[in-house]
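Below is one structure; the comments refer to it alone.
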Amino acid sequence: MVCPPHVGKMTLAINLAQALNCEAVEPPCGECVSCQKIASAKHPDIQIIGLTSSGNSAEAKPRAEISIDQIREMQHSANLPPFEGRHKVFIIDGAELLSIEAANCLLKTLEEPVGGVIFILLTRNDRLLPATVVSRCQRLELFPLSASEVEATLKSHWEIEPQKAKLLARLCHGCLGWALSAASEDGLLELRTERIDKLLDIINTDYEERFAYAAQLAAQFSQNRRLVQETLDLWLDYWRDLLLVKVGRSDIITNIDRLATLVDMAEDYSLAQIKSVINSIQSAGEQLKQNANQRLVLEGLMLDIPVRVGKTLTA
Ligand SMILES: [Zn+2]
């Protein structure tokens, strides 16, 4: 099972921790001292263990996996009674990142649970965890929401203005967490604008510039794979939108704020050309995941993006 990032795993875990310790009649109220402390990560009985949690160690270097020391520290804490709540809750964020030793160590705790202590393991893919660990857990799968559900929630719960709510609901692909991050940090939407503008530039530019951009992306890839993957995902969304516009389904496109440009562009490409670009972007993404030569893959993609009618490109 695969749960995408920002689908609401951590929010659900926090709500569960609140419900277990809430002081109100209908938990979680979100307003009592306990609920508020948990929401602001200040409750002594709720701990999040992940790559960024510091624990007691003074070392600040970023980790690649959740270490056995972190799990041992957690186990030690789990054996002590709660400080002020009814239940101790340990949330392991990114459980697929547990080292083998850490997972085996955790297994002992899961096999002999301590009363009043809850362990919540969050993962985007439970197949990346040892089967022995998964078999000891109660599995709960989270699915992306529909665009209309996200839109309604953004407007009613977070009072986001209708136009922005509509756009974010499409862009987040059912992951409310992403929509909420993008609503509160302008950076995410700005980055999207920048990436789409670059895509439009690329379509109208010559091969020299396209290759320069491929080199730039390849260099970025060796620093941060995720950023390049996000760029490709965004390109894919854009070309899918172009396909939808071409077949008369502009009502279900993602980039609703770019409709005018999409309609204009759809005139200049045939359906076959659009499908072929979509295939090329998907295949480039797959090849990058399989560690193919990044620069070659990205240059190939640049060559696969057809010249827009009425424009001429020079090699
Ligand atoms: Zn409460």
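Numbering of ligands and ligand atoms starts at 1, following listing order. Computed from heavy atoms alone, side chains included, the values below leave out hydrogens, waters and symmetry copies. If you're wondering where the values come from, they're calculated on a predicted model, not measured in any experiment. Throughout, residue positions are numbered sequentially from 1 according to the sequence presented.
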(request) State, without any angle test, whether Ser77 and Gln47 hold a side-chain donor-acceptor pair at a distance under 3.5 Å. (result) yes
Side chain to side chain donor-acceptor pair (under 3.5 Å) with Lys37: of His43, Gln18, Glu84, only one passes, and it is Glu84
Flag if over 12 foreign heavy atoms under 6.0 Å of NZ, Lys166
no
Applying side chain to side chain contact (heavy atoms under 4.5 Å, CB included) to Asp237 and not counting sequence neighbours gives His173, Arg240, Thr254, Asn255
*Salt bridge or not for Arg139 and Asp126, using N-O below 4.0 Å?*
yes
Do Lys198 and Tyr213 form a cation-pi contact, if we require the NZ or CZ to be under 6.0 Å from the six-membered ring centre and within 45 degrees of the ring's axis? yes
So the protein N/O/S atoms within less than 2.8 Å of the Zn ion (ligand 1) come down to Cys22 SG, Cys29 SG, Cys32 SG, Cys35 SG
